[in-house]
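The basis for the numbers below is simple: all heavy atoms, side chains too, and nothing from hydrogens, waters or symmetry mates. Naming: A, B, ... by sequence-line order, numbering from 1 per chain.
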Amino acid sequence: MIQVHEVIKTFDGKEVLRNLNLNVERGTIYGLLGANGAGKTTTFKLISGLLQPTAGTIRFSGEVIQTQNRKFLKEMGVLIETPVFYEHLSARENLEIHLAYMGCDTADIDNSLQVVGLADTGEKPVSKFSLGMKQRLAIARAISHAPELLVLDEPVNGLDPMGIRQMRELFLSLVKDQDMTILISSHILSEIEHIADKVGVLVNGHIAKEVSMSEVRKSCPEGLEDYFFNIMSGGAQG
Amino acid sequence: MKLLSLELKKVNIISYCIAAFAIFACLLGLTYIFAWVPSLGTADPNAVELFSTYSGIAAMGGAVGLMAVSALASAMGYRYVIKEYSGANAILLFTYPIGRKAVVWEKIKLLLLFVSATTFVCTFGGFIVFALTGHMFSLVDDNLQLIDIALALRNAVVLACLTDGIALCSLRIGFIRKSNSMTVISAILLSMLLVNLATDINQSFTTVFYLSVVILVIGLLLTFNMAQIVENMEV
C-alpha cells in the first residue's frame, strides 16, 4: 500500500532522513518506532504529502505521491502533531466540515463519535474539551470518511488507560472489519506490541530494522521494548 | 460556493460583526461631534467648509472609517487567513483533497466581502443616519440634498475598494513572518498614509479613485503571490 523507496529529506542542508525504505502492506498495522528526533513525524508528513522528498519516491497504492495532486488524500486519514479544531464549534460540526472538505456524506458522523466515546458531547464546543477528548475527536476525524490508510502519529497521547484500550480495540477492528491499513507511531511500546503486524525502527533518519512482530517475539521473548533498546544500542537481534 | 460556505461556517464571525457595529456606533458619534465643531467658533474657512456641510462631514467620517475598518480587516485577515497557514492549522488544511490556492481565494473572498460591507455600512450607513437626524434637528448649517447622498455613496464605494486594497497588502506583509502585529501595524500605517487624501475625497476624487484602483490591484497581485507560496508550502 505504501512504498517508501530511497527517500532523502534535507532541511537547510541537514539530512533528516537518509535512504529511507519502508513498505506497508494493505490490511496491516505498521508501527514506526524511534527516539525523539529520529524522523518519525517527518516520515509521516512525507507520506501525507505535507513535505516533498529531496530525493526518492513514495508510492501510495502504486501512484507516486505528489503535493500538487491531492486526490490521494481522500483515501487517507491523518493525525499528525497536536490536532487543531474549530474551537467554537461542536464535535459534530467539526466532523461535518471535515467530511464536506473530503467530499463525503455526513451520515456516519454519529458512528464515528460513538466509537471514540464522544457521542454524548452534544453541542458542547471543542474549546471546552479536555486533551483526551480532543485526541479522541482527532481520531474520529481521521476515520470518519472511511479512508484506506490511517497515518497516526502518537494517537493515544493524553488518553487514559481505558481510552488507550478502546483505541487499541478500535484500530484492530478497523483493520479486521474494514480492511484498513494503519501506519502508527507511539512511545508506548506495549501498545505497538499489542496491535502491530510489523515494526520499523528509525535511527538517525534511517530504518535500522524492519521486522514482523512474530519475528520480534521469536527473537526477543522479553518483548518489543527490549528488542527496541537492543536496536537503539546497536545490538540488533534476529 | 461550497468552499465559501465552508469558510463561513468555520469563521466565528459574530465577534467581528460586534466589532464592526462598534465602529459604526463610534463613527456615528464622531459624525455628530464633527457637526458640533462649527459652533465652537473658528475663522479657518477650510474648517468651516469641512464641518459645516454634509459632504464635508461625510468625507471626514469616511477617512476615520478607513482607518478603523483597515485595522479590523487586518485583525480578521490574520485570524482567518494567515493563522490558518501556521503550524498545526496548516497541517489540517493541507490534508484535505482540495486545491490549496482555491482555499486561499475563498478565504480572501470572504474577507473582502466582510470588509467592503463593513466600510460601506460604517461610512455610508452612518452618514445616512446622521443626515436624516441632522436634517430633522437642523444640526448642520447646510441643506441636505440628493447630491450629498450621491457623493457619500460614491465615496463609500471608493473607500471600500481602498480598504480592501489595504487589507490585502497588509495581509501579504504579515504573511512574511505570519505575525499578527506586523499585519495590523502595516494596515494602520498604510491607512495613515492615505487618510489625508481620504478627507479631501470630494476635491480630489479622481486621485483617490485611481489610487484605490492601484492599491487594490497591488493587493490582488500580492495575494496571487501569497497563494502561490501556499501552493508550494511545506509544513
Ring geometry between His98(A) and Tyr96(B) (parallel below 30°, tilted from 30 to 60°, perpendicular above 60°): tilted

Atom CG of Asp177(A) with >12 non-hydrogen neighbours under 6.0 angstrom: yes

Minimum side-chain heavy-atom gap Tyr86(A)-Leu92(B) below 4.5 Å: yes

Proximal to chain B - members of residues 34-57 of chain A, heavy-atom separation under 4.5 Å: Lys45(A), Gly49(A), Leu50(A), Leu51(A), Gln52(A)

Phe209(B) atom CZ: more than 12 heavy-atom contacts under 6.0 Å: no

Residues, nucleotides or ligands: over 12 heavy atoms within 6.0 Å of Asp160(A) CG: yes

Within 6.0 angstrom of Phe11(A) CZ, more than 12 heavy atoms from elsewhere: yes

Heavy-atom pair of closest approach, residues Ile98(B) and Arg70(A): O-CD, 3.5 Å

CZ/Phe224(B): more than 12 non-hydrogen atoms of other groups inside 6.0 Å: no

Pairwise distance CG(Asn89(B)) to OG1(Thr82(A)) - rounded to 0.5 angstrom: 11.0 Å

Enclosure of Glu6(A) CD (heavy-atom neighbours >12, cutoff 6.0 Å): yes

Heavy atoms from other residues, nucleotides or ligands near OH of Tyr32(B) exceed 12 (cutoff 6.0 Å): yes

Minimal non-hydrogen separation, Lys9(B) against Ile97(A), with atom names: CD-CG1, 4.1 Å

Approximate separation, where rounding is to 0.5 Å, of Thr95(B) OG1 and Lys74(A) NZ: 14.5 Å

Any donor-acceptor N/O pair, His88(A) side chain to Lys10(B) backbone, under 3.5 Å: yes

Flag side-chain contact, heavy atom, 4.5 Å: Ile91(B) against Glu81(A): yes

Residues 168-189 of chain B: residues contacting chain A (heavy atom under 4.5 Å, by number): none

Glu231(B), CD: over 12 other non-hydrogen atoms inside 6.0 angstrom: yes

